[in-house]
> 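Before we start, here is the structure in question, set down as structure tokens.
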Amino acid sequence: MPPAPRRPRPSRGERAPERPRSGPRADGPRSGPRATGPRGQRRALSMPSTPGPSGWGGDRQLGPALEDALLAAGRDDVPAESLTHPVHPYPARLHPATAARLVELVMHTAPQGAPLLDPFCGSGTVLVEARAAGYLALGVDLNPLAVRLARVKTWTAPVPRRKLARELGRRIAGEVMHAGREARRAGATAPPLRAPPGFDPNARQRRIGKWFSPHVRRELEAIAAAIDEVAADDAEVALVLTMALSGILYKVSHRRSDTDPSWVERKVARGAAARLFGDRVEMIVAGLDDLARVRAPMPRVVEADARALASLDLPPAVGVVTSPPYAGTYDYAEQHRLRFDFLGLRHRAFDEGELGPRRHFLANSAAATTRWRAALGDAVGALVGALEPGRLAALVVGDSLAGKACFADEDLRAVLDDRVEVLAWAWQERPKLGPERHAFGDRPKREHVVVLHRTR
Ligand SMILES: C[S@@+](CC[C@H](N)C(=O)[O-])C[C@H]1O[C@@H](n2cnc3c(N)ncnc32)[C@H](O)[C@@H]1O
């Protein structure tokens, strides 16, 4: 029999953190993270706060708890701005309140020190919540940006290391602002551009050029060059600084948003990029300080294809909480291309291995559907293989328009093998937008959470 679910508890550590509703505390900068807008990032959560009809099925105890996990997103009782959640936008993030409940539901009977796995960890929401609840977590994602972001969001290194990251962030921001003022007085031309290893500088310049005003580009390149110097001695701290830079990159660019690649006029004051960068480092470190108040190991995060879990030499998972891509909905490789180019992140494996991206469905919908179902089957098979028999996996999946209406719970059930049974599920309706109304007809569009029990 699977373990009986019970009400989530806040923490396994000695002290549950007070969750701040925004990043840095009173000692942060005056125009701190609010200026860069956690509110905007909340819109990118996959779970909108709009109430919709909901329901559950299967196990009588677990089903209602799953419905509650979905509805928790609307209540926001584990705030989306707490801990390190708001430090970087990422499309289709899980709501932390949903993640927290699912982690507790699958892990509350876990043996001490045994890991939870999220094989599509994205920006690390599940890993942060597992870490906050005192569990060991393993994350996998094929997106090189996601993996770095998830590592940074759970980087609860000893206090002096976090302090160093904060100090270097302040120092770099101050120096770049100062250099910008000096350069303007001297009428200096643009600084030499960086050439990250493996990137042709001319091709990189062609791809990046139009997205930044010259003075913004000058500040960003100067920050990146200073981070390169830090990286020579301290790769971990440099990664924290890099993710702070990544977190503000689109804010100071002419790209409208992560999910909208259109060019917009955006006036960015001189010094603003450097100031936002400094604020973002503060925000990350403040979130890490809060996360570190619970004693637990740092998660391990691996850049790999979720279909190849068996080759990764991971310890067996005693629980899985994950949200695989929604068919035909996002295009992560496209959304992060400017970041990849600016930060010098190699992404060929991700371009080739991303599951169900929109670009596949736009190119050839029928072929993309076949490819999607095969890939989903491989990924679900791999995660079941990584789970210990007797344990639970909670998957959050969403109906989508992928050429035609795609019913995610049906796609998921179709690929299950005889090692698992569906124990319980819950759903909440989501609004149908534009062409979805026609494609879905009378049928509702839903977000689902499905719990699988590995029986053997
Ligand atoms: C719905 S998002 C997960 C979001 C995450 N739960 C969060 O809160 O940030 C799906 C993730 O699947 C990743 N992904 C797509 N194809 C993959 C593959 N073949 N292997 C591993 N990860 C993949 C994407 O990079 C994306 O981060």
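Note that ligands are numbered from 1 as they come in the structure, with each ligand's atoms numbered from 1 the same way.
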> Work out which heavy atom in T98 is nearest to a heavy atom in A69; give both atom names and the distance.
OG1-O, 2.7 Å
> Between F407 and R443, is there a cation-pi geometry (under 6.0 Å to ring centre, at most 45° from the normal)?
yes
> Is R446 close to R430 at the side-chain level, that is, under 4.5 Å between some pair of heavy atoms?
no
> Quick one: does NZ or CZ of R161 land under 6.0 Å from the six-membered ring centre of W155, within 45 degrees of the ring axis?
no
> Tell me, please, whether Y250 has R339 positioned over its six-membered ring: NZ or CZ under 6.0 Å from the ring centre and within 45 degrees of its axis?
yes
> Evaluate the side-chain proximity of L345 to R148: yes if any heavy-atom separation is below 4.5 Å, no if none is.
yes
> Taking a 3.5 Å cut-off between nitrogen or oxygen atoms, can you list every pair linking ligand 1 to the protein, with distances?
from, atom 1, to, atom 2, distance (Å)
ligand 1, 6 (N), S323, OG, 3.0
ligand 1, 8 (O), L94, N, 2.9
ligand 1, 8 (O), T125, OG1, 2.6
ligand 1, 9 (O), S123, N, 2.9
ligand 1, 9 (O), S123, OG, 2.7
ligand 1, 16 (N), L355, N, 3.0
ligand 1, 19 (N), D305, OD1, 3.1
ligand 1, 19 (N), G353, O, 2.9
ligand 1, 20 (N), A306, N, 2.9
ligand 1, 22 (N), L142, N, 3.3
ligand 1, 25 (O), Y90, OH, 3.4
ligand 1, 25 (O), D141, OD1, 2.7
ligand 1, 27 (O), Y90, OH, 2.6
ligand 1, 27 (O), D141, OD2, 2.8

